[in-house]
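To start, the structure itself, in structure tokens.
Chain letters run A, B, ... following the sequence lines, proteins first, then strands; residues in each count from 1. Predicted model only: the values in this text are computed from it and were never measured.
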2 protein chains.
Amino acid sequence: MARLGTSVEEPVRQRLLSAATRLFAEKGFESTSVQEIVAAAGVTKGAMYHYFDSKDDLLQEIYGRVLRMQMDRLQRFADGEGTVAERLHAAAADVINTTVDNLDDSKIFFRSNHQLAPDTRKIVRAERRRYHERFRDLVIEGQQEGVFRDDVPAEMVVDFFFGSVHHLGTWYHPDGPLTGGEVGRYFADLLLRSLTPAS
Amino acid sequence: MARLGTSVEEPVRQRLLSAATRLFAEKGFESTSVQEIVAAAGVTKGAMYHYFDSKDDLLQEIYGRVLRMQMDRLQRFADGEGTVAERLHAAAADVINTTVDNLDDSKIFFRSNHQLAPDTRKIVRAERRRYHERFRDLVIEGQQEGVFRDDVPAEMVVDFFFGSVHHLGTWYHPDGPLTGGEVGRYFADLLLRSLTPAS
DNA sequence: TCGTCTTGACCGACCAGTCGGTATGCTGGT
DNA sequence: ACCAGCATACCGACTGGTCGGTCAAGACGA
């Protein structure tokens, strides 16, 4: 069933994931009941528990999706062509863009950490650390080349920048005056300038 | 009651507020039951509902406290002495310091917005906007004087910086290697440098 | 005795998750 | 061509338990 191109309807599993993402982002994980999720997806509880082990399982699925996407995109830009400054700028602007394009995912990702099962939380944290380290290595690379100032630890720079990314879910509205690309360019500019050595 | 310096024990109201703050920060508002709060404060539910209207009332009280403190401190630095660059640097470093010193408050403040009653949320948002605007005005002042670069909107700079503040609750640990003062200095440096005009 | 403070049993609502059952359709033996 | 056997997909009433909040009654200082 559901042969390519023949089915207009999303499969049930996907509908559940979409509904859960929207609701978790809007009202938070704890304030969303399973009943609401299945109602939004147009199925019953039984169907949900057929596809997922638990409500937490839905959340884990969302985390996995976000982690995979973030890492993929960072790799692509960090290992790309150009000077280290160009690569850092491109990677930074892309993170903002991706975050803005998947705002619901990002809201959940940054706000629901403490709802994860301890084991899952450990995995997420480890994955997240690898991600930050890849970003940090770009900064260190620039510092060693002498094109970035090195009187602030690279870790600090990364935490500084990712704060801004994290924060996007709080203030950015897709129907506001700014596109994701614009915010991405501004923020990447600010990051690069804060790294410009004194002349 | 509770005359200054005479009572060794914190009054019940204060104990409840402290316990709620600690628990909300640790496990989140929705995952903390009233039962746990009153147990941690060493009183019963009845006592709590004598001092507070509801669980939400506790949260509102915490928000009010944070809002008042933030605004007070910003005013003091923004209206202080020195060049605009010095004042912005001092204000920025102070926000970080205050956030780190009251990490539980900050975690709650930045994570529990969507649990607020709609009316309260409106008030909090308005107060928060006034706060951001005061900060933004400092940036604009520097841009008009020509000591800050003005090719990035001041609002963007403020959102960029407060993201980093917001984010502190996620990664900063009081018993880690960095003091709040150090983080404050680093972040304020990064902010000021990102505003340095091309020479 | 009056008002403030505190108690703890209790309430109805709601929650995540379970379970017995049904419908559908594929598979392979005849 | 047929049917028995079985797996997948789904249903929705139900359960055990927790939740925020209430209330009548007591404790106690003024």
Rounding to an integer number of Å, can you tell me how far B:Leu16 CG sits from C:dT6 C1'? 12 Å
Tell me every residue that passes salt bridge (charged side-chain N to carboxylate O under 4.0 Å, His left out) with B:Arg13, counting only those two or more places apart in sequence or in another chain. B:Glu61
Separation of D:dC10 atom C1' from A:Arg13 atom CZ, nearest Å, is 16 Å
With sequence neighbours left out, which residue pairs that include part of residues 27-67 of chain B fulfil the ring pair (Phe, Tyr, Trp, His ring centres under 6.0 Å) condition? B:Phe24-B:Phe29, B:Tyr63-B:Phe109
Which residues pass the salt bridge (charged side-chain N to carboxylate O under 4.0 Å, His left out) test with A:Glu155, sequence neighbours left out? A:Arg136
Taking the six-membered ring of B:Phe135 as reference, does the cationic atom of B:Arg130 (NZ for Lys, CZ for Arg) lie under 6.0 Å from its centre and within 45° of its axis? no
Under 4.0 Å protein heavy-atom contacts per nucleotide of nucleotides 14-21 of chain C, with B for base, S for backbone only and - for none: -SBBB---
Looking at residues at least two apart in the chain, or sitting in another chain, which of them share a salt bridge (charged side-chain N to carboxylate O under 4.0 Å, His left out) with B:Asp57? none
Residues which pass salt bridge (charged side-chain N to carboxylate O under 4.0 Å, His left out) with A:Arg76, listed by chain and number, not counting sequence neighbours: none
Run the side chain to side chain contact (heavy atoms under 4.5 Å, CB included) test against A:Leu103 and tell me which residues pass, sequence neighbours left out. A:Lys107, A:Tyr172, A:Pro174
Pairs satisfying salt bridge (Lys or Arg N to Asp or Glu O under 4.0 Å), at least one member in residues 161-173 of chain A, at least two apart: none
With the criterion being N/O to N/O and under 3.5 Å, what pairs connect the protein with nucleotides 24-26 of chain C, and how long is each?
none

For D:dA9 and A:His50 - does any side-chain N or O of the residue sit under 4.0 Å from the phosphate oxygens OP1/OP2? yes
Mind calculating the distance between NZ (B:Lys27) and C1' (D:dC19) to the nearest angstrom? 13 Å
